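Since the structure comes first, as structure tokens, the remarks are kept for the end.
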2 protein chains.
Amino acid sequence: MKYGRTYNFSAGPAMMPEEVLEEIAAEMMNYRGSGMCVMEMSHRSKVFQEILDEAKADIKKLMDIPDNYKILFIQGGGTLQFSMIPMNLMKNGVACYVETGAWSKKAIAEAKKVGEVKVVASSADKKFSYIPDCSDLDIPANADYVYICENETIHGLTYHKLPDTKGVPLVSDQSSMFLSRPCNVADYGLIWGGVQKNIGPAGMAVVIIREDLIRDDLDDKLPIYMNYKTHADADSLYNTPNCWAIYCCGKVFKYLLKNGGLEAMAKRNEEKAAVLYDFLDQSKLFTGAVVKEDRSLMNVPFVTPSKEQDADVVAATKAAGFDNLKGHKSVGGLRASIYNAMPKEGVEALVEFLSRYEKEHA
Amino acid sequence: MKYGRTYNFSAGPAMMPEEVLEEIAAEMMNYRGSGMCVMEMSHRSKVFQEILDEAKADIKKLMDIPDNYKILFIQGGGTLQFSMIPMNLMKNGVACYVETGAWSKKAIAEAKKVGEVKVVASSADKKFSYIPDCSDLDIPANADYVYICENETIHGLTYHKLPDTKGVPLVSDQSSMFLSRPCNVADYGLIWGGVQKNIGPAGMAVVIIREDLIRDDLDDKLPIYMNYKTHADADSLYNTPNCWAIYCCGKVFKYLLKNGGLEAMAKRNEEKAAVLYDFLDQSKLFTGAVVKEDRSLMNVPFVTPSKEQDADVVAATKAAGFDNLKGHKSVGGLRASIYNAMPKEGVEALVEFLSRYEKEHA
């Protein structure tokens with residue numbers, strides 16, 4: 001790769017498009033004649049307001065977000081969202097969660113501090129290797145929302161069909177699949193994504209929330225930063241936002257629009273993932289960790305027959321210039337995260353390497 | 001200035017040292033042979049851990065932080081700190097606040113949601129143009145802490161002597177004076193600063209907290225992100241931090257160390273501020289807004305005799321290539337923020353311009 005860059009299979013933060021990084025570097029000392037770097041700009045300045053407005057307009061276009069949704073840029077990552085969601089949305093004090101792995105479990109733990117949590121489905125029985133049937137969940141009529149982690153980064157699961165929430169708002173953590181394929185925003189009450197996986201630098205979550213879910217009775221009750229209304233009313237400028245992340249993500253939004261939008265990304269991502277899954281399916285050494293129909297297009301966990309060999313493969317890939325293929329510490333094995341910015345050539349090169357490794361160790 | 005850069009007097013985000021920006025641009029496509037940009041690095045990788053460790057070691061050296069203090073990098077800026085401080089430190093449910101302007105007022109409003117707030121001194125009577133006498137405050141014995149905003153960015157006030165807190169821990173918002181002069185960390189229970197004023201890009205606060213103030217009885221009570229213990233136990237890596245801000249701030253820490261540390265910065269900042277204050281003191285058109293003994297070295301608010309003329313001066317400075325001299329919307333007038341990275345030449349050029357303006361409008 002150019003500049004001696006490596007194929008980086010990190011689960012996040014992760015690869016960004018090379019041409020986006022080139023643009024950012026070129027604008028570092030003086031952003032488009034403003035006389036300053038974006039990091040130095042007042043968030044109240046006209047030049048920054050344009051960056052913010054464009055980022056919002058571009059993601060709205062990309063995801064075809066209806067007018068009755070607000071787009072918020074909030075710091076604190078997923079961890080703050082795990083708390084903000086129940087603190088803002090639990091009006092009746094009851095929420096339903098589907099448990100599919102590490103990230104939905106973290107969301108559940110935080111929601112339990114706020115109100116009653118009903119785990120309406122789980123795949124804990126089989127080490128989170130599948131998405132449970134969500135076609136007829138036992139959802140109480142007074143439930144405030146149904147929560148899913150739409151792509152479990154660690155376990156490599158994804159929903160290919162959304163749960164039937166029986167009219168209750170659906171809340172989805174899309175962090176590790178954000179902007180990887182089209183989605184119908186109107187199917188959700190709230191979508192959020194940490195941007196550090198499929199978009200840009202860590203330090204920001206994008207929250208897309210249906211306006212009627214933003215409450216105006218929480219001003220005295222919640223820390224001001226934790227209230228979605230604070231961010232919605234001030235257009236994400238109540239306090240100084242993560243301006244740099246907005247700027248970088250904005251560039252990625254433009255890059256995606258220029259390259260065919262989310263339809264094109266989905267096609268590319270399916271092709272890329274197929275290269276790796278097809279290899280795993282025929283391999284006698286490597287095994288995918290997830291049932292076929294629930295496999296993620298973004299995070300591909302796999303194992304060899306032993307922990308020792310897993311470690312040997314990780315070391316061998318690293319030596320060959322492939323980075324971050326070690327599985328998450330909680331599950332072990334290997335994991336290749338192949339987000340939007342990972343070129344198909346990277347996946348092909350990895351498969352070629354693994355294939356050669358398999359032959360040499362047969 | 002090089003690269004057609006302007007003298008940017010923004011109150012924050014604000015100027016960064018030019019050589020730091022040059023380094024960042026040079027490392028964009030491939031950070032020191034890692035094969036990736038810092039924005040693309042796993043926060044669990046060895047290469048990022050080194051960046052984090054160095055940033056912590058360097059700020060510790062710069063501020064001479066004792067070993068019984070933890071250094072935390074937390075997202076959410078000052079607004080989240082306004083809530084985290086009372087949520088974590090109000091054990092007895094009583095805290096004392098000194099009210100000196102917009103930022104201490106915001107801190108007070110959030111603390112009131114958590115417990116009893118005693119405003120033990122205020123300069124509201126004279127539009128926050130001075131620091132009230134804090135030599136004999138009425139502090140209850142059970143007070144959990146005494147809170148000050150050590151430099152009020154909007155009003156241009158600074159403490160040149162710390163309050164006598166009668167043994168109660170002192171909590172200080174140093175955002176707009178962070179690393180502008182030496183301070184004796186042991187005098188404080190907690191110091192925090194948003195980095196987007198005097199250090200680096202927006203999206204992070206540095207919290208320096210005495211270890212005994214970190215509580216272990218809050219795990220079930222607070223949102224996990226809001227608990228200082230979460231960040232302290234995980235060395236600021238509980239979740240993905242704002243890696244980019246840590247990287248950029250780390251470079252600024254190194255720049256400050258290389259340039260003589262905080263003693264040298266204080267000297268430079270005093271000289272720089274004197275250029276502007278000396279001009280204001282003799283001017284017949286411009287008047288400083290703050291009593292002499294409480295003037296900030298970082299934020300210098302001033303006015304002409306009329307709002308119309310204030311606006312005219314702002315427009316004239318802008319046309320002449322000086323940026324962001326408009327006062328905060330809540331107080332009007334003009335304000336020059338002259339943080340560490342503003343060169344003395346910038347202040348001299350501004351004074352020369354204002355002096356000429358005065359002559360032309362005499």
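These numbers were taken from a predicted model, which means no experiment stands behind them. Proteins come first, then strands; the chains are lettered A, B, ... in the order of their sequence lines, and each starts at number 1. Atoms considered below: every heavy atom in the structure, side chains included; atoms not considered: hydrogens, waters and symmetry mates.
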Chain B contact via [X] - which portion, at a heavy-atom distance below 4.5 Å:
X      : answer
A/M16  : both
A/T6   : both
A/K106 : side chain
A/S34  : backbone
A/M1   : neither

Most chain A-contacting option - heavy-atom pairs closer than 4.5 Å, from [options]:
options                      : value
B/M87, B/M226, B/E27         : B/M226
B/T79, B/D323, B/L222        : B/T79
B/P201, B/P86, B/S42, B/G194 : B/S42
B/N30, B/L21, B/N239         : B/L21
B/I224, B/V114, B/T240       : B/I224
B/Q75, B/K221, B/M15         : B/Q75

Nearest heavy-atom neighbours spanning [X] and [Y]:
X      : Y      : result
B/P13  : A/H43  : CD-ND1, 3.6 Å
B/M36  : A/N324 : CE-ND2, 4.2 Å
B/C248 : A/M39  : SG-SD, 3.8 Å
A/M28  : B/M28  : CE-CE, 3.4 Å
B/E40  : A/N8   : O-ND2, 3.0 Å

Flag the one option from [options] with the top tally of heavy-atom pairs under 4.5 Å to chain B.
options                    : answer
A/G35, A/A245, A/G203      : A/G35
A/A14, A/A11, A/S10, A/A25 : A/A14
A/P241, A/P223, A/C243     : A/P223
A/F82, A/Y7, A/Y238, A/Y3  : A/Y3

Nearest 0.5 Å please: distance from the SG atom of A/C37 over to the CZ atom of B/R5.
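The SG atom of A/C37 sits 7.5 Å away from the CZ atom of B/R5.
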Crowding at CG, A/D220 (>12 non-hydrogen neighbours, <6.0 Å)
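Count not over threshold, so no.
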Side-chain donor or acceptor of A/K113 paired with backbone N/O of B/D219 under 3.5 Å
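Indeed, once roles are kept as given, a pair shorter than 3.5 Å links the two residues.
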